[in-house]
Every structure is written in C-alpha cells, then in structure tokens.
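Below, all heavy atoms of this structure are taken into account, side chains as well, without hydrogens, waters or symmetry copies.
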Amino acid sequence: MDRFRMIFQYFQSNSESVMNGICGLLALVSVKMYTCFDFSCPCLPWYNMAYGLGIMFVPPIALFLCGLILNRQSLVMLEEWRRPQGRRKKDLAVIRYMCSSIMQRAMVAPAVWIIVTLLDGKCLICAFSGSMDPEKFVGFANASPVQVQQLLAKVPCKDDELMRNNTSRKAVSRYLRCWSQALGWSILLILIMAAFLARWLRPCFNQAALLQACHWSNYIDIEQKIFEETCCEHSRLFAHKCILHFFESMRQEIKLHSFSLPREGEGAEGEEGLLRGITDQDQVNKLLKMWYYEKPPLDVSQV
Amino acid sequence: MDKFRMIFQFLQSNQESFMNGICGIMALASAQMYSAFDFNCPCLPHYNLAYGLGILLVPPFILFLLGFVLNNNISMLAEEWRRPQGQRGKDPAVLRYMFCSMAQRAMIAPAVWVSVTLLDGKCITCAFCTSVPVETLGNASHPGLSQGEMKRVLARIPCKEIYDGQEFIANEVAVRYLRCISQALGWCFVLLMTTLAFLVRSLRPCFTQAAFLKSRYWSHYIDTERKLFDETCAEHARSFAKVCIQQFFEGMSTDLAAAHCHPPRKAPAEAGETAEKLLGITDQGTMNAALKSWHRCKPPLHLHPPVLPSSNGWVGEKQPPAQPPVPRKEMAAYYSRV
C-alpha cells in the first residue's frame, strides 16, 4: 500500500503540472506549425479573403479542440456532469470550476496562433488587400475598378510580374502590416490584462466557495485515478487466482487419470512447487490445449 | 512473484501511455517520411492524377496497417475472437472496445500524412493541374490548341523548367491557385479529424459510461491474464528444465557407477554444497561422456516422480522406485560400446 500512496501523492501534486505542461506544449506546437506552414496567398479577388481569414480562424478551432481532447480533466468533468445522481449529490459549482479551468487551458494555444498570425501580418495583408481604398495609393488611383480589384488582389504576391517593381504595392503592404501588428499587440495586451485581473481579483469574490470547488474538483480527479488503479490491481489478482485455480484443476485431473505414485514428502517445495504436478510433455500440451479451447470461467469464489 | 507483480503493475498502469507513445512516434515518423520523400511529378496528362492521388492515399493505408501490426494487442484481440466458448462466455462489447481503441490509435499516422500532404500542396498541384480553370485565371481565347494539346501543356505546370504555356496561364498563378485549394482542403481535413475525435471522446460519458467501464475492465483483464499465464508457463518451463537436467545428471552418475561396478561415491560430508553441485561427475572423461550423451540422446520430456532428498542431495543408498527402464537401457547400451 505504501507504494500506492507514493504514486497517488505524485499524481495529486502533479495533475495541475501535467495539464499546464500539455498546455505549454500545445502553444509551442502552435508556433512551430505556423512557422513550418508555407503561407501562399492565392492573389485572386475573392479567394484572398477566404484564404486569409480561414488561415487565421480554422487552425485555432482545431487547436482548441485538441486542447480539450488532450486534457484528461475534461473527461472527468463530463462524467461528473452526466452521472446519475444516486446517493451523491452533484455540485454544479464544482462542475463550473472544472469547466472554466479546462476552457482557460484550452484557449492558450489558439490565442497564441492568432497573435502570432497577426504579428506576422501575412494573413491580414492577404485577406484585406482587396478591400483597400485605391484613392489613397498613387499606383492604383488611375485604373478601372475591375483592374484595381485585380491589382489589389495581387499585392500579397511580391514576385508576381505585375507587382515586382510596384512601389504602391509596398505601401499597401506596409499599411496593412502596421494595422495587423497593432491589432496583434492590442489583443495580447488585453488578454494579459484580463488574466492578471482575473487572478488578482479572484480572492475578493467568494474565496471560500472557490476553495471548496477547487478541493472537490481535485478530489473527483483523484478518486477516478484511484478507482482505475484499484481495478487494475483487482484484475491482476483475479487473473492470478484464476490461473492458479486452472493449474490446480489440471493437476487434479491428471491425478485422477494417471496411475503414478502419489507424491510423498512436503508439498510445494522449491522447483516441485512451481511444477504444480505437471511433469511431462503430454501433460503440458494438454494444459496448453485446455487453456485455448476451454478457458476457465470467470469465477474464483471456489478457490 | 513480487518482482513480477511490480512489473505487471507498471505495464498495466502504463499500457495506455506506452501505446500512446508508439502512436506519437508513428505520427512523427509519418511527417518525417513525407519531408524526406522526393516528390517528382511526372508532368504527363494522365500520369499526374494517378501519381498525385497515389502518393496522397497509398502511404496512409500502409501506415494504417502498420499501426495494427505494431500494436501488441492485435494478437490478443484475434485470440479472444477466435477462441472456442468453453466455460467462459464471450462478450462482443469487449471485442468491440479492443478493436475501436486499436483502430483509433492506428488512424493517427495516416491522418498526419494526409494533412501534411494537403498542407504542403504538391500532390494536389500535381494531380489537378490539368483541371485549372484557364478561362478565369488566364486567357483561354488563345487559338490553335486542341483539348489534348491544352491538357499536355497544363500537365507541365508543376514542372516549371519545361512549362511552355505562359501565354495561356502564368505558372505562378496556377500554382498559387492549386496550392490555395490544397491548403484549404488540408485545414478542413484537420478540423474534421479533431472534431470527430472530440465528439467520440466527449459523447461517450454521456451515453455509455457503465458499459464502457465494464468493457475496459475486462479488456485489461484479458491482457493481464494472458501475460500472467505466459509468465507462469515460463516459470514452469524453467523448473521443468531444471528438474529434467538434474535427473539427467543423476541418471548419468548412477549409470557410471553401475558400469564401473562400484557403489556411487559418497561425497565427504564436509565438502558440502560444491560436491552436491558436481552431481557426481568429477573427471574429464565422465564430463565428456555426459556432454556427448546430452547431444546424442536428450532425455524424454517426462520427469521422474521426485524422491525424498537426503541430506547431501544424492540419490543415495535407496534406489528410486519405478524408474522407467527405457532411457536407462539406452544409456547402458551406449556405455557398453565404450
């Protein structure tokens, strides 16, 4: 039992750390994915907006769902929410606490993706270059509307033959990048302020209820882990008894059918004990065959 | 048994982590394989589609099968599925649980391959370059080219060095268009997979939690039982071999004594354990004879009933009762030649 206690203490002190670790790992994966991803704006009038906004919003949704999937506590929370009441009341405050802590952790990776995207600027340039006002930029002011649309759509593609030496392209690009980075930094500032305020002001509002919710959510998590461990231990013992019972019943059968002298002296001593009365090739083959063709029933009450 | 118990507990509590680890390694291997693979579009009208779609779909299928092969539990599932019912009923829910959990893990590496392929864009560019809408992206009004010729020109889009259709549609425009479609498909695929995984994981506690707990327990039980049975058999085999060999040496030394017509030498009491371990074989000739006999005439897989061991471990003064005569005769016959 001592070993179990050590393991459970480890789990208890570390389930928060494990979840924070996964959260951090996902954030790093998010940055790595963005840098590995080869952003290539289509530079076509309607496709730009769809592509740019798609790259900005679809991966964060996938990352959010990944954050929920990888967090063990989300399953625990769902089980607690959906279980029948039985003899244990359900405390909605605990479920709400667990839900909010899961959501907060799951939001980190998507937020990192969006901020990195905005600070880089390519997505916004791709999405909104076609929506710029051509009057503001000298190079685009004197073209027909259709041509203007085409030209503006090609702004994100530096190497396009029409855009290669176009100074207005650089102007549009810089303008949009400036807006994108401003937006990125603002969002980062707002998120950090919100996190700071939430942590700082939390003790001012109902700290006792919070402590209770925190304690019981921890309890539910540990109870679940201990239940799984106990089931594992139980299934191991069950299997052990079942197999011993099987070997014993084989030995009885062999004794019944063979005429060899009964064993004298002490039973189960050293190697003889481990042999369990099965001492030749045919007996071993018969045992193995019985094991396959007729597994023993799942009932060790007679043992 | 204590040592085994610790190992089993470790394996059991960590079986899930072990399988997840293999799963993660396969996903990384899949991404690495794609980046190491040298994609070479053939740039010919019908070959492009076959090559592109082949690279997109065939490796994931192979990775899926590999995911099953590398999973230790597949043999357990097959055994449980095919065993005769006997005295123990079969629960199809347990089989379904085992199969589903294996299939879910095996799906990860193929999903990674397909996502990486689509997000990279080369496959779709190669496969669908002949279907680029030239009317909207370029100028299809250029005269003189039949459908077939046009297709041949468009098929060269992925191969920039030999592309000669710049006047119909610029190479960069076509590649950007196709890559945009490919990446959109890729991200949609990633979103779809994560949504499916999320739904599968989160709907289970809402509907079938009790049945799930049961299936999970019994599937772990079957695995534990199989491992314990293998361990017990290994222990038994070890003991069997030990007793068999001990009886062989004892038989040899008794035979020798009988052949040389003197009673078996009693080791002096003070020689103790070392003398016991020599098993009555104390010179080169005897040892060589024992080794030869072991090679030429291994003892049958039938252990003699054990006798009461005397204090110094010898068969001793009392002859063992009811020894099967056959092997003895063979050994005696062998010795008579010598």
Side-chain angles (χ1 to χ4, degrees), chain A residues 3 37-38 40-44 47 50-51 54-55 58-59 61-62 65-66 68-69 74-75 78-79 81-83 157 159-161 228-229 231-233 235-236 238-240 242-244 247 260-261 263-265 271-272 274-276 278-281 284 288 291-298, chain B residues 5-6 8-9 12-13 79 83-84 86-88 119-121 137 170 172-173 175-177 179-180 183-184 187-188 190-191 193-195 197-198 201-202 205-206 209 216-218 220-221 224-225 227-229 232-233 235-240 242-243 300-303 305-308 321-322:
Chain A
R3 222 168 53 83
F37 176 62
D38 186 14
S40 97
C41 193
C43 297
L44 297 165
Y47 289 74
Y51 185 82
I55 298 296
V58 168
I61 298 176
L65 292 174
C66 266
L68 291 179
I69 292 169
S74 56
L75 269 182
L78 271 174
E79 279 168 26
W81 182 39
R82 298 299 301 172
R83 70 172 171 89
C157 298
D159 301 322
D160 192 84
E161 50 194 351
E228 283 170 16
E229 283 287 334
C231 280
C232 283
E233 174 69 15
S235 81
R236 196 199 64 76
F238 197 115
H240 186 48
C242 200
I243 289 169
L244 284 182
F247 271 85
S260 56
L261 290 171
R263 269 229 326 250
E264 296 164 10
E271 304 300 337
E272 278 69 36
L274 289 171
L275 284 172
R276 304 177 216 275
I278 307 220
T279 51
D280 71 41
Q281 189 181 23
V284 172
L288 294 171
W291 180 255
Y292 176 68
Y293 279 105
E294 268 197 50
K295 276 211 164 67
L298 291 169
Chain B
R5 184 157 41 110
M6 274 171 36
F8 287 147
Q9 262 170 349
Q12 190 64 58
S13 62
E79 206 181 289
R83 72 168 171 91
Q87 294 178 42
R88 184 190 288 188
L119 292 177
D120 188 38
L137 298 178
E172 303 83 41
V173 171
V175 166
R176 273 198 309 255
Y177 175 79
R179 187 181 276 176
C180 155
Q183 289 180 343
W187 283 117
C188 290
V190 168
L191 187 62
M193 288 283 117
T194 37
T195 310
F198 174 73
R201 231 174 122 100
S202 56
C206 302
Q209 184 66 358
R216 191 174 61 171
Y217 178 87
W218 289 114
H220 283 171
Y221 173 82
T224 309
E225 189 188 53
K227 288 189 184 104
L228 267 175
F229 183 76
T232 314
C233 283
E235 249 175 57
H236 185 272
R238 209 190 72 87
S239 307
F240 197 113
K242 195 164 172 183
V243 175
L301 290 167
H302 177 88
L303 304 180
V307 293
L308 281 174

Ignoring hydrogens, what is the shortest heavy-atom contact between [X] and [Y]? Give both atom names and the distance.
X      : Y      : result
A:R236 : B:L228 : O-CD1, 3.6 Å
A:S235 : B:Y221 : O-CD1, 3.6 Å
A:I69  : B:F198 : CD1-N, 3.5 Å
A:C41  : B:R176 : O-CD, 3.1 Å
A:V284 : B:F240 : CG2-CE1, 4.1 Å
B:R88  : A:C242 : NH2-SG, 3.9 Å

_Among A:A50, A:C66, A:P59, A:S74, which residue has the highest count of heavy-atom pairs closer than 4.5 Å to chain B?_
A:P59

*Given a strict heavy-atom distance threshold of 4.5 Å, which part of B:V175 is in contact with chain A: side chain, backbone, both, or neither?*
neither

*Would you mind checking which part of B:A184 comes under 4.5 Å of any heavy atom in chain A, side chain (CB onward), backbone (N, CA, C, O), both or neither?*
neither

How long is the straight-line distance from [atom2] of [Y] back to [atom1] of [X], given to the nearest 0.5 Å?
X      : Y      : atom1 : atom2 : answer
A:W291 : B:E225 : CH2   : CD    : 3.5 Å
B:S202 : A:L68  : OG    : CG    : 8.5 Å
B:T224 : A:H240 : OG1   : NE2   : 13.0 Å
A:C232 : B:H220 : SG    : NE2   : 6.0 Å

*Could you tell me which residues satisfy side-chain contact (heavy atoms from CB on, under 4.5 Å) with B:C188, sequence neighbours excluded, listed by chain and number?*
none

*Between B:Q183 (side chain) and A:I55 (backbone), is there a donor-acceptor pair under 3.5 Å?*
no

*Name the orientation class of the two ring planes belonging to B:W218 and A:F238 (parallel below 30°, tilted from 30 to 60°, perpendicular beyond 60°).*
perpendicular

*asked:* Students often mix this up, so state it plainly: with edges at 30° and 60°, are the rings of A:F247 and B:H236 parallel, tilted or perpendicular?
replied: tilted

_Any A:E79 side-chain heavy atom under 4.5 Å of B:Q209 side chain_ = yes

*asked:* Is A:I243 in contact with chain B via its backbone, its side chain, both, or neither, using a 4.5 Å heavy-atom distance?
replied: side chain

*Could you list the residues that satisfy disulfide bond (SG atoms under 2.5 Å apart) with A:C157, not counting sequence neighbours?*
A:C43

